[in-house]
Structures are given as structure tokens and as C-alpha cells.
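To keep things clear, I will list the structure first and then write my remarks on it.
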Amino acid sequence: MYGRELVDLRKESRWEFLNTLFSVSEAVAYMQMVDRLDDGTIPAELGPLDYKGLYKAVGKALFWAHVEGRLKSEIMSKPEQFVEPDPELPLALLDQKEAGKKLVLITNSDFLYTDKMMRHSFNRFLPNDMGWRDLFDIVIVSARKPEFFQTSSPMYEVVTGEGLMRPCFKAQPGGLYSGGSAQMVENSLGIHGDEILYVGDHIYTDVSQSKLHLRWRTALICRELEEEYNALINCRSDRESLIELINQKEVVGDLFNQLRLALQRRSKDRPAQTLAATNMDDEDLTESMQKLLIVMQRLDEKIAPMLEADGELFNSRWGFLSRAGLWDKSHLMRQIEKYADIYTSRVSNFLYYTPFMYFRSQEQNLAHDSYAHYCSQINNEASS
């Protein structure tokens, strides 16, 4: 829609940010209702609506579907239609637990929904008749994240299968609780700050908050990475060809600029010559520049459609999630780097490492690193 137009995201009143998988259903419902608003088929009793008012109405309807439990009731009645279990996820957590790690589940969902979903997703894959509750030292439901990380709220122990609760002040191993705060978790476990790794799937409401307020280590789960990674592999040869053409244009462009500078200096009666223009008169300079322009135009004709197609294997409209154009990182990627110590597509990926693995960040490349690498290569070639 906006093409190459720069969009000022600071004008936040104009934009709605869709940050979670919950937002997908909201966006789809809104798009369908926009069509109905445009063709005049929205019932009159809803009142006069503009596009902004319509968005609020859709959001309100979805909010009440959550609050009243209608949506969760339908999911709980047929979980196999809505949830695709990952058989390796429980086993990855089991490795961590048996290695001596303390595992805590913190969810905004209520106990009945949490229990139903966890039974469906975990129990059948655990050995020796283990249940999902056996994996976790502490389970906290109705946590109200992100407030959970920022404020101190009352905590209640869930004492019956129907979800009845009683007040308490400290979580005990194996306990099931509602509400509370992150500080209570730290105090109950006797560990603080970077001794804790928080794993979440929302960069803004839990991963960034646990990092900013508590200095916990953070791991972001981003499922879209799998499709993006596969798309990157499939377009690797096209990218290599594209970069080769861009490098060719850079060489030709540098030569063109040297000739242009030589012509500029001569027009000011300055004797200085660039290397490329030595022993060339003005006519030769002009003719050579025209030829180089033609070469660059032909390279552009090849590069432009390839740039346009870059990323289409992932998404035909906006390309890769992690990149802005060919070289730069996207806004999302910069946020991930800022708040997440590690990121991956799913928790079960930890199964491919031992639970004793210490993950270290990769070397961060700076703009001048390429020059240092270039000089090192020249020195090595000279010495050999």
C-alpha cells in the first residue's frame, strides 16, 4: 500500500500495532467488516460508524468473547481442531528439569483453560505416566502480564480442580497459584535477576518487561522464523546473483565518479587528476562517462526486478520480517536484539542442545570491521 513511502510511526494515534497471533483474527474480522461498511450492509442499530469506530467495535466484540469465555469454551470442547501439539516440547522441558533447573509456568489464562490445553499438549508425550504438572515447580495462572512484572499484586493458591482459591504469601514447590507478581516468584525460588531465563512469545508485553523491570535473561519465541529461514535458504542463489550485480554497479559507479571529479577539477583550472582520468582529455572523459552511464542503466534494469522479488518467497507484500530492504534490519528485528538475549522459533529447539549449554552472543559486526578484515587480507597476501 505504502510502497517506498516513509511512515512516521511516532504518530501512534493513527496506527494500530498487531503484535501477537491474537491480532490476526482481529485484523481479518476488521477487514471483512470494512467491506460491509463500504457496501452499506452493517445493521443500522449499530449506529453510524467510521473506520476508526468500526475497529473499536470489532475489538470490543472480541474482548467480550474472551471475557465471557465463549471462545475458550469452544476451544476446550475441541482442542484438536485448534492446537497442534509439539511432541518434542515436553521432552525438552523434561531434560531441563532433570538437569536441576527449576521450571515455572506463568500464564494469563485461567486454571480450567490452562489445565485443558496443557493436558492436550503435554501429557501424551511424557514418560512413566507423568502429567504436565509434574514438570513445573510452580504454576501461576491469571497472571495479568505485563502488570505481573511491574506491580505487586495479591497471590492466591488454587486448592480445588474447580479453581477455588485461598490467599497466600509465598509459593511452595509443586504449588498452583493465581495472580501474584514476578518478585514473589523470585522470593519463592530464592533466585533473582539474570539467574532466571524467561521464555515468552510477545516482545513488548512480557519479554521486554521482564528484561527492563527485573533484568531477567530473556528468550523470545517467534514461530514465523521457520518459514522465513526456509525462504532465505531457497532464495540464497538469487541473493548471491543480486549482490554480485550490485557489486559490479558499485565498481562501475566508482569509476564514473572518478571521471566526474576529474572533469570538475579541470573546469576550475585545477591540475589535480584522479587515477582513472590520467592522460585523458575532456572529450575522452565525457565519452567514457556516457558509456559508464549506459552500463549502470543496464545493470539497474537487471537489479530492480530482483530487488522487487527479494523476500517474496516469504511474503509477496512486505518480504522478510527480519529485514528492511536488502541490507538493513527491520524495526521488529532491532527490538528483538534489544530485549531478547536469545530467540528461536519454538521451545523444543532446545532439545537439540544439552541442558548444560551456555549460549554466547555472536560477534557484533561494526561498519569499520570490513575495512580491518580487508587490511588483514592484504597483509596476509603480502607476507605470503
Would you indicate whether the side-chain heavy atoms of M333 and I336 approach each other to under 4.5 Å?
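Yes, their side chains come closer than 4.5 Å.
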
Is there side-chain contact between V139 and F111, with heavy atoms separated by less than 4.5 Å?
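Not touching, per the 4.5 Å side-chain cut-off.
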
So, the side chain of S345 versus the backbone of R223: is there a donor-acceptor pair under 3.5 Å, distance only?
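No.
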
Kindly say whether V185 contributes a backbone atom to a donor-acceptor pair with the side chain of S188 at under 3.5 angstrom?
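No, S188 side chain to V185 backbone: no donor-acceptor pair under 3.5 Å.
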
Does K72 qualify as a cation-pi partner of Y113, given the criterion of NZ or CZ under 6.0 Å from the six-membered ring centre and within 45 degrees of its axis?
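Verdict for Y113: a cation-pi partner in K72.
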
Please name the pair of heavy atoms, one in A143 and one in F148, separated by the smallest distance, quoted to 0.1 Å.
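Heavy-atom minimum between the residues: O-CB, 3.3 Å.
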
Give the minimum heavy-atom separation between L112 and M76, together with the two atoms involved.
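L112 and M76 have their closest heavy atoms at O-SD, 3.9 Å.
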
Please state whether the rings of F149 and Y198 are parallel, tilted or perpendicular, taking 30° and 60° as the class boundaries.
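Rings of F149 and Y198: perpendicular, as their planes differ by over 60°.
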
Could you tell me if the ring centre of Y353 sits under 6.0 Å from that of F359?
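That pair passes the under 6.0 Å test.
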
Donor + acceptor pair across side chains of [X], [Y] (<3.5 Å):
X: Y352; Y: E88; value: yes
X: E195; Y: W216; value: no
X: Q183; Y: S152; value: no
X: Q258; Y: D254; value: yes

Should the heavy atoms of other residues, nucleotides or ligands under 6.0 Å from NZ of K291 be counted, would the total exceed 12?
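For K291, atom NZ is not crowded (no more than 12 foreign heavy atoms under 6.0 Å).
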
Please check if the number of heavy atoms outside R239 that lie under 6.0 Å from its CZ is greater than 12.
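More than 12 within 6.0 Å, yes.
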
Any chance you could lay out the side chain to side chain donor-acceptor pair (under 3.5 Å) test for D110 and S142, step after step, and finish with the verdict?
CA-CA 5 Å; D110 60 70; S142 303; over 6 Å; no

Testing D206, D201, V207 one by one against L220 for a side chain to side chain contact (heavy atoms under 4.5 Å, CB included), which residue passes?
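Running side chain to side chain contact (heavy atoms under 4.5 Å, CB included) over D206, D201, V207 with L220 returns exactly one hit, V207.
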
Can L135 and F122 be said to form a side-chain contact (heavy atoms from CB on, under 4.5 Å), step by step?
CA-CA 10 Å; L135 280 176; F122 275 61; 3.6 Å; yes

Not counting sequence neighbours, list each pair that qualifies as a ring-ring contact (aromatic ring centres under 6.0 Å, His included) and has a residue in residues 45-76.
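Sorted pair list: F22-H66, Y30-Y55.
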
